[in-house]
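Here is the structure we will look at.
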Amino acid sequence: MSLILRLQQLQGEDLQKLQALYMHTQFPMEIRYYCASWIEAQDWQGINVDDLSMEPNARMLLQELIQQVNQKASGLSDEMMFPIRLKLNQFARELDQRWSISPLNFVRTIRYCIEVEQSLVDDAGGNLARTPMSDSHESIETTLHELRIMTADTEKDLDTLQQKQEMFVFQYQENLKLQNQLAQLQSLPERDPNRLAQEPLLKQKKMDLETVLQTEAQHLLTMRISLAEKHKQMFEKIKDVQHTVLEDELIQWKRRQQLAGIGGPLEGTLDQLQKWCEMLAEITWHNRQQIKKVELLRQQLPMKVPGNDLLPELNTTITALLSTLVTSTFIIEKQPPQVLKKETRFAASVRLLVGGKLNVHMNPPQVKATIVSEAQAKNLLNDNNLGMNETSGDILNNCGVMEYHKESGNLTVTFRNMSLKRIRRADRRGSEFVTEEKFTILFQSTFSIASGELVFQVRTMSLPVVVIVHGNQESNALATVLWDNAFAEPGRIPFAVPDRVAWPDMGKALNSKFMSANGRSLSLENLNYLAQKAFSGQNIQIDDYSTIQLSWSTFNRDPLPGRNFTFWKWFHGVQELTRKHLRGPWNDGSIMGFVTRSQAQDLLLSRPNGNFLLRFSDSEIGGVTIAWSGDDPQTGTSQVWNLQPFTGEDFNIRSLADRIQDLPHLIYLYPDIPKDNAFRSYYTPMSDQPLPSNNGYVGSVLVSRIPQIPVTNCPDNPSTPGSYTPQYDPQSPSSCPPSCGSIQSDIGISNMQEPMMNDG
């Protein structure tokens, strides 16, 4: 909502204050109303009203406003608006007459009006429609509002001080004139009538004026000291709220951004943070200008300050606050991919949260991206001037110019076509693998504000990236990224992480990752299964893993017992299989997944024959098997059979749901859900009508079957196609079931229609 619309909602005392504001400044409220869009769109804060070199810019704004007023007046053609049209024309002439000789004062007046308006709106915020805020956010808003009022208060004090000093200088010059006149009289003979008549009067007048000057000098000194104390208190307040915004809120946003990389909630927009940072920039810049003005007044009229002079300290403090604000708000809005494949295009974007307010966009800075190693990143933190040109590789298309988007007020640069052409790796330590080596993308820029008065060198580092050259390295690289994103401590030395973490923390990270990829979260039973698998090589016989620590080696260096792959490789394979092929059934709850073979056997033997469940394979990466209960054809006793695991390659040929539909052995999904109810929506539609053929060929469809195992006599199973039912022949060696282990299913071909005669 625009400021003018919020002003129209003011009532009572607040409305009276608004009216008094425009009476006091003698700026027509009618112009403020009819030219509101134009006035609120201008960057009034971008003009330093104490810098005479900015006068042409101020004069241009004045002329543009006069033009806006005339245009509005000419557009009021209705008869009822005739008096308003006349008033606007009159106001346009008065604007030119009043401020054409002092356009900087015109800008100062508009800025003051807008600041007071904002304060009135903020004060009345409880009565206006507002989004509920957290306590910390409310505290930040309140403090920033108080700082605005304090800044306006010190601005008034400074104006009063300047007027008093100008009056003092004038009176001092008058005293010098009296002193000269008195000296001229005293050069006359003592008995000269003019000297006798005027000398006593001049002496008395000079004495009276010197008394006034002495009093005024003491008053000026007191005002200077009082203003310095106010600035000191305000700078402490600025420092505290800036720390809250940068070290709490911005760091939390960066942490959310990091966790989003492993499936956490999205970090949210930067709009609120930018609003706070822009307000801080505005307040800090105004106070710095006030300090500069105080220094100028002191130069014009030097006066010794008793005790400790606060001004040098204040100048250093406010400049340091501004520097911290600018360098801390140069951030990566969109991170580059954390698994970075060589010679593959990638993107990233960088944003300066205070760029619009400080007019950085008036001379758009260039940003350069380079890749640096973990050791180089550490060195950069230890020495701000070190290694600005050090890199660990070459990135193509790594330079861009920041662009200012007027509608949003954002100053950003987006790198859309970067590509890592070459990488230089460090010597690996001990048993460290290539996929455990971390790099970072370093973004750097240099820009100035206030016509080059202040120059900032800014840089920001991306989240750690792992560089790979082959796709088969991706899984291990993702393990490094997961461990880093989940367990990195704020303010760490790049890129230190603990070697061991508590299992509950790892469980949260795995759940976040799995849920982000597949929708449904992992249950407590699933997480307990994962804990048993992760610690299977350590002979830990407990049910509660909340106090157990998981090491990096156990996570992704040491293979699982009896396997040639690690815990993470197994988990990542399950996650990817589910994401690519099983997401729907997983979210429906149709896949039990995380269950051992013995647990599956116990569950299925407690149910009638034909019950089945799906569990992730223990022996194969990215595999899922179907376990079902049925009679042993040799003994006639009920037992549990396990199909050889299916992988993603199998599901590229025929989906899980279609394979379940093919097999008449599978009747009820554990515990008692008819399989059609669970999987019908995922069946591939089949038509009974012959498919049209334009080339003389007919299509066929692949069908799964289990030749070794007969279909158990079981309740009516209308979903089972009779033509797919395999027959068991006990005399056929090829159809004898194995005594134990997994059963392999075959793929048969069913013609969709009778073949047509064709020469092909």
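- Taking the six-membered ring for Trp and the full ring otherwise, the centers of Phe330 and Phe443 sit at least 6.0 Å from each other.
- Within the model, atoms CD of Glu236 and CG of Asp240 stand 6.5 Å from one another, a figure rounded to the nearest 0.5 Å.
- No salt bridge links Asp208 with Lys203; every basic N to acidic carboxylate O contact stays at or beyond 4.0 Å.
- Taking 4.0 Å as the cut-off between side-chain N and carboxylate O, Glu141 and Lys275 count as a salt-bridged pair.
- Under a 4.0 Å N-O distance rule, the pair Asp271/Arg351 qualifies as a salt bridge.
- Within a 6.0 Å sphere centred on CZ of Arg416, other residues, nucleotides and ligands contribute 12 heavy atoms or fewer.
- Glu117 contributes no side-chain N or O that, together with a main-chain N or O of Leu18, makes up a donor-acceptor pair within less than 3.5 Å.
- Using a 4.5 Å cut-off on side-chain heavy atoms (C-beta onward), Val401 and Val413 make no contact.
- Taken from CE in Met150 to OG1 in Thr143, the straight-line distance is 10.5 Å, to the nearest 0.5 Å.
- Ion pair Lys206/Glu199 not flagged as a salt bridge, since none of the NZ, NE, NH1 or NH2 atoms sits closer than 4.0 Å to an Asp/Glu carboxylate oxygen.
- Taking each heavy atom of Cys277 and Leu353 in turn, the nearest pair found is SG-CD1, 4.1 Å.
- Of the possible polar contacts, one joining the Ser462 side chain to the Ile441 backbone as a donor-acceptor pair under 3.5 Å is found.
- No side-chain heavy atom of Gln214 sits less than 4.5 Å from a side-chain heavy atom of Thr211.
- Using a cutoff of 4.0 Å between basic side-chain nitrogens and carboxylate oxygens, Glu453 and Lys292 are scored as salt-bridged.
- Contact annotation: the side chain of Cys113 never approaches that of Arg32 to less than 4.5 Å [non-hydrogen atoms, C-beta and beyond].
- Taking every heavy atom of both residues into account, Val69 and Ala92 meet most closely at CG1-CB, 3.9 Å.
- Salt-bridge formation is detected for the pair Arg108/Glu155: a Lys NZ or Arg NE/NH1/NH2 atom is positioned less than 4.0 Å from an Asp or Glu carboxylate oxygen.
- Glu249 and Ser136 make their closest contact through OE2-OG, 3.5 Å (heavy atoms, listed as atom of the first residue, atom of the second, distance).
- Using the six-membered ring where Trp is involved, Trp276 and His137 have ring planes that are perpendicular, over 60° apart on the 30 and 60° scheme.
- Proximity of Glu30 to Tyr22: side-chain heavy atoms (C-beta onward) are nowhere separated by under 4.5 Å.
- Classified by interplanar angle (parallel below 30°, tilted 30° to 60°, perpendicular above 60°), the ring pair Phe235/His231 is tilted.
- Contact record, Ile332 with Trp253: O-CH2, 3.8 Å, taken as the closest heavy-atom pair.
- Using modelled atom types, one side-chain atom of Gln290 and one backbone atom of Thr151 make a donor-acceptor pair closer than 3.5 Å.
- Across all their heavy atoms, Ile283 and Leu144 have their closest contact at CD1-O, 3.7 Å.
- Judged by distance alone, the side chain of Asp192 and the main-chain N or O of Asn194 form a donor-acceptor pair under 3.5 Å.
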- Are Val458 and Thr446 close enough, and set up right, to give a side chain to side chain contact (heavy atoms under 4.5 Å, CB included), and what steps lead you there? CA-CA 6 Å; Val458 296; Thr446 300; over 6 Å; no
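- For the pair Lys164/His219, a side-chain contact is recorded, criterion being any heavy-atom separation below 4.5 Å from C-beta on.
- A donor-acceptor contact under 3.5 angstrom links the side chains of Gln165 and Arg224, judged on distance only.
- Phe447 is listed as a side-chain neighbour of Leu352, based on a closest heavy-atom distance under 4.5 Å.
- By the 4.0 Å N-to-carboxylate-O rule, Glu174 lies close enough to Lys177 to be salt-bridged with it.
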- Message: Using side chain to side chain contact (heavy atoms under 4.5 Å, CB included), reason through Gln444 and Val367 one step at a time and then give a plain yes or no.
- Response: CA-CA 6 Å; Gln444 306 175 79; Val367 180; over 6 Å; no
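- Side chain of Ser328 to main chain of Leu325: no donor-acceptor pair is present (N/O by atom type, distance under 3.5 Å, no hydrogens or angles).
- Defined by atom type and a distance below 3.5 Å, a donor-acceptor pair is present between the side-chain atoms of Gln118 and Asp122.
- For the residue pair Gln233/Glu229, the side-chain donor-acceptor check at 3.5 Å is not satisfied.
- Surrounding CE of Met303 are more than 12 heavy atoms belonging to other residues, nucleotides or ligands, all under 6.0 Å away.
- Salt bridge absent: Arg148 and Glu115 never bring a charged side-chain N and a carboxylate O closer than 4.0 Å.
- Arg195 places a side-chain heavy atom less than 4.5 Å from the side chain of Gln186.
- For the pair Leu209/Tyr172, no side-chain contact is recorded, criterion being any heavy-atom separation below 4.5 Å from C-beta on.
- Taking each heavy atom of Ala348 and Met418 in turn, the nearest pair found is CB-CE, 4.0 Å.
- Using cut-offs of 30° and 60° for the angle between ring planes, the Trp38 and Trp44 rings count as perpendicular.
- Defined by atom type and a distance below 3.5 Å, a donor-acceptor pair is missing between the side-chain atoms of Glu216 and Gln171.
- Thr319 and Arg288 share a donor-acceptor pair across their side chains, judged by distance under 3.5 Å alone.
- The residues Lys406 and Asp43 are annotated as not salt-bridged, no charged nitrogen and carboxylate oxygen being separated by less than 4.0 angstrom.
- Heavy-atom neighbours of Glu295 CD from other residues, nucleotides or ligands within 6.0 Å: above the threshold of 12.
- Counting heavy-atom neighbours within 6.0 Å of Lys293 NZ, excluding the residue itself, gives a total above 12.
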